[in-house]
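For reference, the structure is listed below as structure tokens.
Note: hydrogens, waters and symmetry copies are ignored here, and every other heavy atom, side chains too, is used.
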Amino acid sequence: MMLVRCRIGPSPLDGLGVRAEEPIAAAQPAWRLNPELDRLIVPAAISTLPGAQQEFLNRYAYLNPRPMRFQPQG
């Protein structure tokens, strides 16, 4: 979940991007995992999805280089 005011819009780098609508200080968190809004997907599971879903995730998802241990709260 984004922790700063932001918007999604056109990007000169890759067509679509997220832009902060307020200054972000050095070391200020801009995002935090929120299990009610964010989705964790095991990288191996991506190859089991239909092609269009794989393409979407490969383009727009964030691959965390450090695997996370996440326990859903229920």
Side-chain angles (χ1 to χ4, degrees):
M1 165 166 234
M2 296 303 295
L3 302 175
V4 296
R5 188 174 297 115
C6 61
R7 69 178 177 86
I8 296 173
S11 166
L13 299 176
D14 198 27
L16 186 65
V18 177
R19 175 178 232 103
E21 293 286 302
E22 60 189 62
I24 301 173
Q28 174 187 350
W31 175 87
R32 177 177 46 226
L33 178 68
N34 179 332
E36 294 180 10
L37 297 174
D38 299 312
R39 173 107 189 247
L40 294 178
I41 301 171
V42 178
I46 294 173
S47 64
T48 68
L49 298 172
Q53 292 175 4
Q54 288 183 40
E55 290 174 22
F56 181 88
L57 291 174
N58 286 328
R59 181 169 179 139
Y60 296 111
Y62 169 73
L63 179 60
N64 187 349
R66 298 178 311 176
M68 299 174 69
R69 289 191 171 93
F70 174 66
Q71 297 295 324
Q73 299 175 0

Q.
Surrounding CD1 of Ile8 (heavy atoms of other residues, nucleotides or ligands, distance under 6.0 Å), is the total greater than 12?
A. no
Q: Might you work through the side-chain contact (heavy atoms from CB on, under 4.5 Å) test for Ile46 and Gln53, ending with a clear yes or no?
A: CA-CA 8 Å; Ile46 294 173; Gln53 292 175 4; over 6 Å; no
Q: Of all the heavy-atom pairs spanning Tyr60 and Leu16, show the shortest one and how long it is.
A: CE2-CD2, 4.2 Å
**Q.** Gap separating the CG atom of Asp38 from the CZ atom of Arg32, nearest 0.5 angstrom
**A.** 10.5 Å
Q) Are Arg19 and Arg7 close enough that some pair of their side-chain heavy atoms sits under 4.5 Å apart? A) yes
Q: Enter the distance from Asn34:CG to Met2:CE here, rounded to the nearest 0.5 Å.
A: 13.0 Å
Q | Derivation of the side-chain contact (heavy atoms from CB on, under 4.5 Å) call for Val18 and Cys6 | A | CA-CA 7 Å; Val18 177; Cys6 61; 3.9 Å; yes
Q: Please confirm whether the backbone N or O of Ala25 pairs with a side-chain atom of Gln28, one donor and one acceptor, at under 3.5 Å?
A: yes
Q: Mark yes or no for whether Gln54, through its side chain, and Leu49, through its backbone, hold a donor-acceptor pair below 3.5 Å.
A: yes
Q. Quick check: are there more than 12 heavy atoms from other residues, nucleotides or ligands sitting under 6.0 Å from CD of Glu36?
A. no
Q) Hey, is Arg59 close enough to Asp14 for a salt bridge, meaning N to O under 4.0 Å? A) yes
**Q.** Check against side-chain contact (heavy atoms from CB on, under 4.5 Å), Val4 and Trp31
**A.** CA-CA 8 Å; Val4 296; Trp31 175 87; over 6 Å; no
